[in-house]
*Asks:* 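This is the structure I have questions about; it appears just below.
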Amino acid sequence: MFMFVVSVVLPVAYGQHHIRCIPKEREALLQFKAAIVDPYAMLSSWTTPDCCQWKGIRCTNLTAHIISLHIPGQYNESLSLGVYYEVSQRYISGEIHKSLMELRHLQYFNLSFNSFRGTNIPEFLGSLTNLRYLDLSSCDFSGQIPTQISSLSHLKYMNLAHNYYLNGSIPREIGNLSRLEYLDLSGNSFEGYIPSQLGNLSNLHQLYLGGRYHSALKIVTSDQWLSNLNSLTHLSFNSISNFNSSPSCLRTIAKLPKLRELSLIHCRLSDHFLLSFNPSNFNFSTSLSVLTLSENSFIKPMVFQWVSNTTSNLVELDLSLNLLKGLTSNHFGLAMNSLEHLDLSFNVFKGEDLKSFMNICNLRSLDMSRNNMTEDLSSILHNLSSGCVRYSLQQLSLAFNQIRGSVPDLSAFSNLKMLYLFHNQLSGKIPEGTRLPSHLEQLLINFNSLEGGVPKSFGNTCTLELLDFSDNKLSEDLTVIFNHLSGCSRYSLQELSLAYNQIRGSIPDLSAFSNLKSLYLSHNQLSGKIPLEGGVPKSFGSTCTLELLDLSFNKLSEDLTVIFNHLSGCSRYSLRELYLHQNKFNGTLPDFSIFSKLETLDISGNRLDGVQKLLHNGTVLRSLNLFNNSLSENLPTIMHHLSSSLQQLDLSMNQISGTLPSNLATMFPSLKELYLDTNKLNGTISEDLRFPPELQVLSLRSNSLKGVLTDSHFYNMTKLRILVLSHNSLTLEVSQNWASTLQLQRIELRSCKLGPLFPKWLEKQNELGYLDISNNGISGTVPKWFWTKFGLSNGMIIDISCNNLQGTIPNLPIENHYSSLSFASNLFEGHVPPFLRDSIVLDLSNNKFTNSFSFLCSSGVAEFLYQLDLSNNKFSGQILDCWTHFKSLAYLNMSQNKFSGEIPSSMGSLLELQVLLLRSNNLTGMIPPILKNCTKLVMIDIAENRLSGSIPNWIGNELPELQFLSLRNNYISGNLPLQVCYLRRIQLLDLSLNNLSGEIPKCVQNFSSMVQMSSLRDYYQGHQYSVNINSINGENSYDLNAILMWKGSEQMFTDMALSLLKSIDLSSNELSGEIPKEIEGLFGLVSLNLSRNQLKGRIPSNVGKLTSLEFLDLSQNQLVGSIPSSLAEIDRLTMLDLSHNYLSGKIPTGTQLQSFDASKYEDNVDLCGPPLKELCIDEMARQGPTIKFQEDDNLIFNREYYITTSGVISGTTSEAASNTSAVNANNPFLSTVVPFLSQQPGPFFFFNIVNSISSFNGFLATGQTQCHEKHSLHDKLVLAFFVRFRSRTFVEKDEQMRALISVEVFEATSEVASKVASKVVVVESEGEGGR
């Protein structure tokens, strides 16, 4: 390629300063520059008088005319052991100005890998008739190829590949470019037939045609045009939809005499296609050496026989991404004696199928990754090692299979250099004496389940350079592992990863490993203090080649000063990257200027409380990460202590105060990324503030900054790509001019002050992929340019929720795919346009939409929509029966509308559905049996409707994943089926307010999830579904919510609070019989409501085993006998109602049972004792005892907290009550909460506070605006109240959870928390001295 490029450009003047460019051409370049957005200063040299000296410009040495314009963008990726991933890029954007028409002598034009999104390939390029070389690949052009290009009669090279939005048909006029030698039109969205006029390009050497994965490009039925391309050496057809119906095309291709490389990728080729060829009269040219047939539909191994019969000179064969399996004959191996590279990845081969390839005697690389190998590794390798391939093979990949067993002896593969075994199911210990191939350089065996350690024999492999054992279960002492590797491999080993294991011990002496450059020991169990050496031995400093050291996620402690001192030997001259995050380091960040090459330092997630003053010019540090420590100094003070060489700085998740220093630009002139999220920054932004001109990422989320940001603050910041200002009191007032010079890719301004007008400066943003301007007080209609501009964007995330936007959403005639669209909590109305179906996540809740027909029932499958929320709108009538169009839907919320009629049967086709929310409508009929097909359902909420019939048996039989089931307030009748007990994962079962009869099944003990106790210390993982859309593969999460009757009122629980709540509500039915004693085994139950039924018998005697219980209502039944004394053992109870039964005897004493209102025991036969006025016969006046919470990891309080029911409690209760009226008058927030301060506090007491707060914050199911974050305010208040209650103890022990809560929420709950805390008496045990 390089030789070709040189050949089309005439001699140029390099550095001959006496030559000056033509003024007219210089002016044309300056006009071109003026229309360009240049964030990376790629055109910064375009200022001097002589444009021939400008970067990217070349002139002739005769006439000074410009003949070359070379300004390609750059895109580089770096990946090390799959752990550290970095992308660097440089590009220009904007539009290509027509002034370039003046460059009439231009021969070379390259603008590849830049971004001209939303623009077309300029037609004026056809006037540059001297062009020999044109490269506009990967530029994001849209529209069609202009036919004027056919005027470029001298063109030899044209590359327009990978412009995703380039569409229409391929112009037949390209066939007029008779001198063309290279043509690449692949990776676009062309449709129609490949023009036969391309056959006129008789000089063509390389031709690449094809589109996106679902291309509509076809090949013409006549193959005559291909036969004319006798000079062709490289031919690629990608995603040609009808190639499989044109065998004659392949016959013509096979006859091309000079063809060396042929690619037929994703052309729907199959075994049947091969049968149409007679081996006796079909052969490829002997020149063919590379054949790619990947992404087709081959199933049987006959393709190997076909290849060996038609071309025997192949050097490379790619059959990846097919469906191949089975053995082929030995003939293939014997015939393919030139084959060196074979790629069979992404097929379904078994291990025994490798026998087919054991006799390919010149094979150097074999890729069998991502197949279906489940056998033992030793047997799989034996299938290969039985033939001559064991002597030739240099690279073997068996990664991403399900291979079992351990690692056998590998020495038979005498020339093997690279072996990839990662992502399998290898297990057990590797036997001692297991030998590696004598020439092995790389062994990647990560992501398995290997145990023990590394065999000593591995250390005798003298060529080993890279060894990756990460993500296994190794547990041997680290010193032993390094001792086993200290044979001759200590001289060759350069990269070693033991991360993500269970390795114990301390860090050994590494000085013997004379070439070790990268060492990964993160996520292990390495111990804290090595005697006198603070976690890192002094010998580390003698590892003179060490460039990267990762000790993150261990238990290392001590002062960092000591650790840095131990690294300060000769490694201070080599170390470039040091990762110490998530350990227990404390103290201040010491001076590390002695590390002359250290560029990256990550000490996030530790306990550092300060930053020493560092030498500003004594370090080359580029990246410093102090995220999530305990820094509390003033921001300007910290920043004055840091090195001016920094390019990335992360100080987020600390307690840093102060405001932004106005001289940031001069303090850090090279800074590219600045993260100050979630601190205590405050004050008003100075008008003199200037950000560093190199800044690409600015993130100030969740602080208390105020003021107005204008154009002047962002002066000269053309490289800024990510701007995050959410959750501050900031106003952004910028001009159109600012927006055109600054092209952002991500804007997050949630809960700032952009309104009331829609921000017009967004119109000039052409590269946005993420936009969040939610909750900004924006009113009025959305301007037309917004829908037009962002309607053309692909894969974008847009959130304009929680504003006052109104009007209708226009139906755009486009099919672009969005990652996420949220228009929730506005005033949009009318119909829902069908173009929104191409979103992955679509939230239209809390609006005034009335018509969903065109959205739900348009033709075609909405294959990309995974999450849909239409709740709380004004939809009415029957739910449309069009759900067969939504094959991928995982989350559906249509609650709080006015739907009527039956649930449509087509909902049973939603096989991926996990969440179905239809509550608060007017639905009738029975629960449709077709829903049993939705076996992945996690939550069903059809409460508050008019459903009838019985609870179907299949709910228990067919829905094994179900965790939340609410059928509350319907007309459901009949018995509770026994099959409901099959719901082992059920956490919330609400069948209240129905007409159920019969007995409560005894099998409720099968509710396994309710047996487990919940705790705030349990990690909340949320809920996910898999997304698989061409280039997008991964997990997407969603939030759950449920409306429950909680202590007398409807309240909404969301996310983490919901995950903690395990509840059974069968109240207000006609259930009879006894309460089954098996309910005593549901130890995790938090709420049990069986009230308003006809239950008889006694309360189960061991009900006290339900120690998690906070809410218990058995009122209005026919229960008899005494209150079980075990009930007194439940110290979490904050709500109890046993009224209106036939209970008798003494209320158990010595517990919180006396703190409940007497009405909770009224209307029984013969109950006596406090709090009732009726005294029992043996009642004696005595002071209530002190109550101590039991010690339990699941409790919200630990042994540090005790509560007394006498004196202090009664005093604070009275005080709270007396102050209620004043609080109500002055603070509506507190007025919501203070009534609960009169209750007895229990370990689950915070639910009272939090769920009261939720009603204040709009979490009731009343159709009010619900504007909350991913971590909703509701959940943050849960945590905030908890934090305040536990004071310093919690903050010290749970830094990371504390960090999730914004400063504002802390302050909002401080007054409430202090009142609650005043009810708790903190004492110490007698042994520690009472207080």
*Asks:* Do Ser93 and Arg117 have side-chain heavy atoms sitting under 4.5 Å apart?
*Replies:*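 A side-chain contact is absent here, since even the closest heavy-atom pair is not under 4.5 Å.
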*Asks:* Which atom names give the shortest non-hydrogen contact between Tyr420 and Gln395, and what distance separates them?
*Replies:*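 Looks like CE1-NE2, 3.8 Å.
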*Asks:* Hey, does the side chain of Asp367 reach the backbone of Ser369 with a donor-acceptor pair shorter than 3.5 angstrom?
*Replies:*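 Between the backbone of Ser369 and the side chain of Asp367 there is a qualifying donor-acceptor contact (under 3.5 Å).
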*Asks:* Run Ile170 and Leu217 through side-chain contact (heavy atoms from CB on, under 4.5 Å) and show every step you take.
*Replies:* CA-CA 9 Å; Ile170 298 175; Leu217 197 62; 4.2 Å; yes
*Asks:* Look at the side chain of Asn359 and the backbone N and O of Leu334, then say whether any donor-acceptor pair between them is shorter than 3.5 Å.
*Replies:*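 Checking the backbone N and O of Leu334 against the side chain of Asn359, no donor-acceptor pair under 3.5 Å is found.
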*Asks:* How far apart are the closest heavy atoms of Leu209 and Ile240, and which atoms are they?
*Replies:*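 Scanning both residues, the minimum pair turns out to be O-CD1, 4.4 Å.
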*Asks:* Atom CG in Asp838, atom CG in Leu865: separation rounded to 0.5 Å?
*Replies:*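 Answer rounded to 0.5 Å: 9.0 Å.
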*Asks:* Distance-only, no hydrogens or angles: does the Ser276 side chain make a donor-acceptor pair with backbone N or O of His272 under 3.5 Å?
*Replies:*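 Side chain of Ser276 to backbone of His272: no pair is present.
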*Asks:* Please report the closest heavy-atom contact between Phe243 and Cys267, naming both atoms and the distance.
*Replies:*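 Closest approach of Phe243 to Cys267, heavy atoms only: CB-CB, 4.0 Å.
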*Asks:* Report the C-alpha separation of Cys139 and Asn163 in whole Å, then their side-chain angles, then the decisive distance to 0.1 Å, and conclude whether the side-chain contact (heavy atoms from CB on, under 4.5 Å) test is met.
*Replies:* CA-CA 6 Å; Cys139 283; Asn163 287 287; 3.5 Å; yes
*Asks:* Please name all residues satisfying side chain to side chain donor-acceptor pair (under 3.5 Å) with Ser285, sequence neighbours left out, ordered by chain then number.
*Replies:*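 Ser285 satisfies side chain to side chain donor-acceptor pair (under 3.5 Å) with Ser287 only.
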*Asks:* How long is the span from the CG atom in Asn313 to the CG atom in Asn337, to the nearest 0.5 Å?
*Replies:*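 These two atoms lie 8.0 Å from each other.
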*Asks:* Indicate yes or no for a side-chain donor-acceptor contact from Asn347 to the backbone of Leu323 under 3.5 Å, with no hydrogens or angles considered.
*Replies:*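 Pair found, side chain donor or acceptor close to backbone of Leu323.
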*Asks:* Please tell me if the side chains of Tyr91 and Asp140 come closer than 4.5 Å, counting only heavy atoms from C-beta onward.
*Replies:*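 Heavy-atom side-chain distance check fails, nothing below 4.5 Å.
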*Asks:* Indicate yes or no for a side-chain donor-acceptor contact from Asp135 to the backbone of Ser137 under 3.5 Å, with no hydrogens or angles considered.
*Replies:*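 Yes, because the side chain of Asp135 sits within donor-acceptor range (under 3.5 Å) of the backbone of Ser137.
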*Asks:* Search all heavy atoms of His234 against all heavy atoms of Arg260 and return the closest pair with its distance.
*Replies:*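 For His234 versus Arg260, the nearest heavy atoms are CE1-NH2, 3.4 Å.
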*Asks:* To check you understand the geometry: which heavy-atom pair defines the closest contact between Val861 and Lys887, and what is its length?
*Replies:*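 Closest approach of Val861 to Lys887, heavy atoms only: CG1-CG, 4.0 Å.
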*Asks:* Where the side chain of Asn110 meets the backbone of Tyr133, is there a donor-acceptor pair that is under 3.5 Å apart?
*Replies:*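 No.
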*Asks:* Hey, could you give me the NE2/OG distance between His162 and Ser112, rounded to the nearest 0.5 Å?
*Replies:*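 Between His162 NE2 and Ser112 OG, I get 11.5 Å after rounding to 0.5 Å.
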*Asks:* Would you indicate whether Phe273, at its atom CZ, is surrounded by more than 12 heavy atoms from other residues, nucleotides or ligands within a distance under 6.0 Å?
*Replies:*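 Atom CZ in Phe273 is packed in, count exceeds 12.
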*Asks:* Can you find a heavy atom in the side chain of Leu134 that is under 4.5 Å from one in the side chain of Leu128?
*Replies:*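 Sidechains of Leu128 and Leu134: no contact.
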*Asks:* Please work out whether the ring planes of Phe332 and Phe357 are parallel, tilted or perpendicular, with thresholds of 30° and 60°.
*Replies:*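 Ring orientation, 0 to 90° scale: perpendicular.
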*Asks:* Distance check, rounded to the nearest 0.5 Å: Arg132 atom CZ versus Lys156 atom NZ?
*Replies:*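 Answer rounded to 0.5 Å: 7.5 Å.
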*Asks:* Before giving the answer on side-chain contact (heavy atoms from CB on, under 4.5 Å), spell out for Met158 and Leu177 the whole-Å C-alpha distance, their side-chain angles and the decisive distance to 0.1 Å.
*Replies:* CA-CA 10 Å; Met158 184 164 71; Leu177 304 176; 4.2 Å; yes
*Asks:* Which atom pair, heavy atoms only, marks the closest approach of Phe298 to Leu269?
*Replies:*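 Taking Phe298 first and Leu269 second, the nearest heavy atoms are CZ-CB, 3.6 Å.
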*Asks:* Using the ring-ring contact (aromatic ring centres under 6.0 Å, His included) criterion, which residues pair with Phe400? Sequence neighbours excluded.
*Replies:*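 Listed in chain order: Phe422, His423.
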*Asks:* How many angstroms lie between atom CG of Asn230 and atom OG of Ser202, to the nearest 0.5 angstrom?
*Replies:*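 These two atoms lie 8.5 Å from each other.
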*Asks:* Taking Asn371 for the side chain and Lys350 for the main chain, is one N or O donor matched with an acceptor at less than 3.5 Å?
*Replies:*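 Checking the backbone N and O of Lys350 against the side chain of Asn371, no donor-acceptor pair under 3.5 Å is found.
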*Asks:* With heavy-atom distances below 4.5 Å as the criterion, would you say the side chains of Phe835 and Asn811 are in contact?
*Replies:*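 A side-chain contact under 4.5 Å exists here.
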*Asks:* Is any side-chain heavy atom of Ser142 less than 4.5 Å from a side-chain heavy atom of Asn120?
*Replies:*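 When only atoms from C-beta onward are counted, Asn120 and Ser142 do touch, with a gap below 4.5 Å.
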*Asks:* So, the side chain of Thr311 versus the backbone of Val307: is there a donor-acceptor pair under 3.5 Å, distance only?
*Replies:*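 Such a contact is absent between Thr311 side chain and Val307 backbone.
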*Asks:* Report yes if some heavy atom in the side chain of Leu856 is under 4.5 Å from a heavy atom in the side chain of Phe886; otherwise report no.
*Replies:*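 With C-beta onward as the side chain, the pair touches.
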*Asks:* Treating Asn296 as the side-chain partner and Leu264 as the backbone partner, does any N or O pair qualify as donor plus acceptor under 3.5 Å?
*Replies:*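 Pair found, side chain donor or acceptor close to backbone of Leu264.
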*Asks:* Report yes if some heavy atom in the side chain of His205 is under 4.5 Å from a heavy atom in the side chain of Leu232; otherwise report no.
*Replies:*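 When only atoms from C-beta onward are counted, Leu232 and His205 do not touch, as no gap falls below 4.5 Å.
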*Asks:* Please work out which of the three classes, parallel, tilted or perpendicular, describes the rings of His70 and Tyr108, given edges at 30° and 60°.
*Replies:*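 If you compare the ring of Tyr108 with that of His70, the planes turn out tilted.
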*Asks:* For the pair Phe116 and Ile121, evaluate side-chain contact (heavy atoms from CB on, under 4.5 Å) and give the outcome as yes or no after the intermediate values.
*Replies:* CA-CA 9 Å; Phe116 300 104; Ile121 296 176; over 6 Å; no
*Asks:* Distance check, rounded to the nearest 0.5 Å: Leu363 atom CG versus Leu393 atom CG?
*Replies:*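 It is 5.5 Å, given to the nearest 0.5 Å.
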*Asks:* Do we see a donor-acceptor contact under 3.5 Å between the side chains of Ser239 and His266?
*Replies:*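 Yes, side-chain donor-acceptor contact under 3.5 Å.
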*Asks:* Does a side-chain heavy-atom distance below 4.5 Å link Thr119 with Ile96?
*Replies:*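 No; the side chains remain at least 4.5 Å from each other.
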*Asks:* Tell me whether the rings of Phe284 and Trp306 are parallel (<30°), tilted (30 to 60°) or perpendicular (>60°).
*Replies:*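 Geometry flag for Trp306 against Phe284: perpendicular rings.
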*Asks:* Is it the case that the side chains of His341 and Ser365 hold a donor-acceptor pair, with the cut-off being a distance below 3.5 Å and no angle test?
*Replies:*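 There is such a pair between these side chains.
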*Asks:* Looking at Ser392 and Arg364, would you say the former's side chain and the latter's main chain have a donor-acceptor pair under 3.5 Å?
*Replies:*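 Between the backbone of Arg364 and the side chain of Ser392 there is no qualifying donor-acceptor contact (under 3.5 Å).
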*Asks:* Would you mind telling me which of Leu160, Thr147, Leu198 makes a side-chain contact (heavy atoms from CB on, under 4.5 Å) with Ile174?
*Replies:*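 Checked Leu160, Thr147, Leu198 against Ile174; only one passes side-chain contact (heavy atoms from CB on, under 4.5 Å): Leu198.
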